[in-house]
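Okay, so here's the structure we're looking at.
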Amino acid sequence: MRLIVTGIGDAFSAFHFGSSGLVEGSGSLVAIDCPGRVLAMYRAASERSGVPIDVQRIDDILLTHLHGDHSNGLETFGFARRYLTERPSRPRLHALPEVLDRIWEKLAPAMDGATRENGGISTLEDYFEPCPMSPGTEFQIAGMTVSCRRSLHSVPTAGLLIRDESVCLGWSGDSEFERDHVDWLSQADCIVHECGDHFKHTRWDELDTLPEQIKSKIRLIHLPDGAEVPEGPMRPLVEGEVVHIGS
Ligand SMILES: [Zn+2]
């Protein structure tokens with residue numbers, strides 16, 4: 001399993017794309033979150049990583065929550081899948097039920113207009129196939145098994161575990177520090193954990209209290225611009241980096 005890191009920034013970054021990645025499954029890419037300027041983000045990550053990235057081939061989006069630095073690219077993604085191809089298709093949008101319940105409130109003012117096909121009002125289902133994620137219930141995408149857990153954040157947010165037959169990737173989602181969440185994530189071979197200094201986020205010194213065995217698996221994302229991370233096992237991810245999980 002490979003993770004292509006597409007964005008590492010936090011909500012206020014002036015230098016980076018929003019925290020996000022692509023997981024390479026069996027023949028296809030699965031998106032984790034969808035921040036703004038998503039097409040520019042994929043172009044930049046493709047150039048840096050050497051991995052071809054085409055929005056038309058990303059059929060699954062795992063959306064952790066609705067903060068803009070994680071979801072502002074959905075409008076562009078949905079329109080690109082409808083208008084930038086001769087064969088329009090809907091990606092599956094996997095999110096907590098309470099996220100799916102409100103996502104159209106965010107997208108509708110820009111996306112509920114008429115189309116050539118319907119001549120009337122568009123709905124979320126015209127662009128995406130909504131797929132509710134239930135914490136504790138595994139589901140299959142792109143040959144991988146995914147499960148989720150609610151994190152502690154200011155709005156409903158999910159952390160993720162993504163497994164193939166041999167390795168597992170953990171993704172904290174935005175969260176304040178919660179030992180139970182880390183313990184759940186520690187099933188993974190590699191844990192991508194957010195690290196920030198704002199309310200409802202996890203500070204580096206909190207992660208530093210974890211056992212060395214867990215810290216050795218953690219890579220950091222969502223750091224504020226210019227944040228200095230002390231020497232140690234928990235290294236920040238880099239945009240365009242390809243992380244080989246389990247090796
Ligand atoms: Zn957030």
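Counting starts at 1 for both ligands and their atoms, following the listed order. Along the sequence shown, residues carry numbers from 1. Worth knowing before you read on, the calculation uses all heavy atoms, side chains too, and leaves out hydrogens, waters and symmetry mates. From a predicted model like this one, the values you see are computed outputs, not experimental measurements.
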- Cation-pi check, Arg82 onto Tyr127 ring (under 6.0 Å, within 45° of axis): yes

- Query: Rounded to the nearest 0.5 Å, what separation is found between the CZ atom of Arg57 and the CG atom of Leu22?
  - Reply: 11.0 Å

- Task: May I ask you to decide whether Arg149 forms a salt bridge with Glu178, counting only side-chain N to carboxylate O separations under 4.0 Å?
- Result: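 Judged by the 4.0 Å cut-off on N to carboxylate O distance, Arg149 and Glu178 do form a salt bridge.
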
- Is a salt bridge present between Arg163 and Asp189, judged by a nitrogen-to-oxygen distance below 4.0 Å? no

- Item | Protein N, O or S atoms lying under 2.8 Å from the Zn ion (ligand 1), listed by chain and number | His65 NE2, His67 ND1, His153 NE2, Asp174 OD2

- Message: Listing request: all ring-ring contact (aromatic ring centres under 6.0 Å, His included) pairs with a residue in residues 30-51, at least two apart in sequence or in separate chains.
- Response: none

- Message: Is the ring pair His65/His67 parallel, tilted or perpendicular, if the boundaries are 30 and 60 degrees?
- Response: perpendicular

